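Following: one structure in structure tokens, then a few remarks.
Please read all numbers here as calculations on a predicted model, not as lab measurements. A note on names: the letters A, B, ... follow the listed sequences, proteins ahead of strands, and every chain is numbered from 1.
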2 protein chains.
Amino acid sequence: METLRERKKQRTRDALLHAALELFTTRGYEATTVDDVAAAVDVSQRTFFRYFASKEEVAFVVQHMTEAAFVEGVRARPAHEAPMEALRQAVVDGWDRLHEAVSAVVPVELYLRMYQLIESTPVLLAAHLRRSMEVEEKIARILAEREGVDVDTDPRPRLVVAVFAGVIRVTERQWSTGEDFSLEAIRELTARYLDQVGPALAGDWRAP
Amino acid sequence: METLRERKKQRTRDALLHAALELFTTRGYEATTVDDVAAAVDVSQRTFFRYFASKEEVAFVVQHMTEAAFVEGVRARPAHEAPMEALRQAVVDGWDRLHEAVSAVVPVELYLRMYQLIESTPVLLAAHLRRSMEVEEKIARILAEREGVDVDTDPRPRLVVAVFAGVIRVTERQWSTGEDFSLEAIRELTARYLDQVGPALAGDWRAP
DNA sequence: TTGTCAATTGTCAGCCACTGTCACTAATCT
DNA sequence: AGATTAGTGACAGTGGCTGACAATTGACAA
């Protein structure tokens with residue numbers, strides 16, 4: 001934080017972010033207007049839009065960090081791990097680093113509430129899914145490079161990532177509608193669900 | 001079509017739908033205003049919103065039919081098929097029935113253009129993904145019932161569906177960005193990608 | 001320190017999606 | 001034919017978002 005100007009800007013941005021998340025999670029996303037957020041920080045609506053391109057964008061600021069952390073997590077996996085293994089490890093032990101990174105910006109509890117809000121607000125859920133797709137594309141390219149194949153001719157990178165993402169989405173949803181919002185819960189759920197994929201696919205579920 | 005009133009309504013709805021799709025696919029979704037659509041049919045903007053809850057809704061009218069058709073397709077699969085097999089069959093031979101159902105409402109070519117527009121327009125893509133999630137939930141419940149398990153305690157139905165949906169999404173995307181928009185192309189691509197899932201997951205891709 | 005330049009902000013005007021209200025017209029029913 | 005009801009247009013208003021311009025405030029050099 002060099003100059004006074006930069007510090008002021010940072011403060012305004014932080015204030016807007018916090019006011020927005022606080023209002024969103026208490027009143028609801030749709031029920032909160034951009035004017036409300038701006039008023040809470042005592043700046044004009046126009047200023048809000050100079051810091052955030054859209055109302056949606058504020059809602060995803062923290063998510064954005066977690067997405068980036070995951071991508072880096074995958075990139076950092078040792079080369080000898082098979083693709084699926086690398087993804088699994090990146091998620092399972094990515095939660096801790098995530099926890100730290102997030103809590104430096106907002107209270108973790110606020111992040112969790114925001115996550116549930118996203119899952120339960122149709123417009124936000126839609127945006128979340130689209131963002132996830134973009135992340136998937138990045139991951140697919142990373143895997144392709146790791147394994148020395150071409151993303152555009154070999155479908156395997158995108159397929160693995162899509163399958164993995166599907167499982168994660170089911171996991172997230174289960175977690176966000178459950179009762180235990182702890183890190184342990186999500187970690188355990190992730191591991192368990194990933195283990196179930198094989199059996200589920202192979203499945204004759206009716207067997208004893 | 002009983003009364004004159006009903007016929008008139010149907011005609012207005014059709015006209016709005018066609019005008020909307022035509023404008024969307026030529027000018028682009030965002031570049032088309034609801035006023036444009038209403039003007040093209042010579043009704044007021046207010047009337048447009050009496051037929052469609054939102055601008056988005058018109059864009060998905062045809063998609064909505066295909067989604068419903070797929071759900072019915074799965075429901076109709078013989079009980080002896082394993083879950084994954086049932087899904088695969090429902091998709092692969094669902095395309096033909098789909099083709100007919102769609103062409104009764106709009107030219108197939110318009111449907112294809114609309115599909116590509118959805119894939120390439122961020123807001124529409126987001127909406128599409130959320131809708132797909134709702135379809136996934138329905139399918140998961142159907143599978144659970146077929147196999148006699150409980151969706152809320154056994155994760156397998158949702159997992160299988162999520163994995164399958166992931167593959168289908170990769171397929172759709174590949175198809176929509178490719179050059180061959182024929183039914184044969186999508187059918188072949190679907191079959192091929194589904195076959196690749198096993199190898200991709202198991203994978204040591206670097207093996208000769 | 002002060003004057004100049006550049007960055008930040010507020011104000012205002014306007015577009016577009018969407019909603020409520022009310023009066024008017026045209027189809028339907030008796 | 002007259003009363004009823006459904007469908008429509010006109011209008012006003014809200015909320016997200018953008019462009020333009022002017023006022024303010026910090027940065028930096030003379």
Requested in this report: Tell me whether the OP1 or OP2 atom of D:dT8 has a side-chain N or O from B:S44 closer than 4.0 Å.
Outcome: no

Query raised in the report: Think A:K8 has a side-chain N or O under 4.0 angstrom from the OP1 or OP2 of D:dG26?
Result: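 Indeed, a polar side-chain atom of A:K8 lies that close.
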
Closest to side chain of [X], choosing from [options]:
{"X": "B:V43", "options": "D:dG9, D:dT25, D:dC17", "result": "D:dG9"}
{"X": "A:R5", "options": "D:dT25, D:dG16, C:dA17", "result": "D:dT25"}
{"X": "B:T12", "options": "C:dT19, D:dG26, D:dT8", "result": "D:dT8"}

Query - Donor-acceptor pair present, B:R46 side chain and D:dG7 base, under 3.5 Å - result: no

Query raised in the report: Taking N and O atoms by type only, does the side chain of B:R50 place a donor or acceptor under 3.5 Å from a partner on the base of D:dG9?
Result: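 Indeed there is one.
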
Rounded to whole angstrom units, what separation is found between the [atom1] atom of [X] and the [atom2] atom of [N]?
{"X": "B:D36", "N": "C:dA17", "atom1": "CG", "atom2": "C1'", "value": "13 Å"}
{"X": "B:D35", "N": "D:dA10", "atom1": "CG", "atom2": "P", "value": "12 Å"}
{"X": "B:Q10", "N": "D:dG7", "atom1": "CD", "atom2": "C1'", "value": "15 Å"}
{"X": "A:E30", "N": "D:dG15", "atom1": "CD", "atom2": "P", "value": "13 Å"}
{"X": "A:Y51", "N": "C:dG10", "atom1": "OH", "atom2": "C1'", "value": "13 Å"}
{"X": "B:R7", "N": "C:dA26", "atom1": "CZ", "atom2": "C1'", "value": "14 Å"}
{"X": "A:K9", "N": "D:dT25", "atom1": "NZ", "atom2": "P", "value": "18 Å"}
{"X": "A:K55", "N": "C:dC16", "atom1": "NZ", "atom2": "P", "value": "21 Å"}

**Report entry** Residue closer to the 5' end of DNA chain C, B:L4 versus B:Q45 (nearest nucleotide)
**Finding:**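 The answer here is B:Q45.
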
Query raised in the report: Of B:A53 and A:T47, whose nearest nucleotide on DNA chain C comes first from the 5' end?
Result: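 Closest to the 5' end, via its nearest nucleotide, is A:T47.
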
Query raised in the report: So, are B:R169 and A:E136 salt-bridged, with charged N and O less than 4.0 Å apart?
Result: yes

Query raised in the report: When you measure from the side chain of B:T171 to the backbone N and O of B:V167, does any donor-acceptor pair fall under 3.5 Å?
Result: yes

Query raised in the report: Less than 4.5 Å apart, any side-chain heavy atom of B:R75 and any of B:E145?
Result: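 Not in contact.
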
Query raised in the report: With a cut-off of 6.0 Å (strictly less than), are more than 12 heavy atoms of other residues, nucleotides or ligands near CD of B:E85?
Result: yes

**Report entry** Modelled atom types, side-chain donor and acceptor of A:E172 and A:Y115, under 3.5 Å
**Finding:**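 A:E172 vs A:Y115: donor-acceptor pair found between side chains.
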
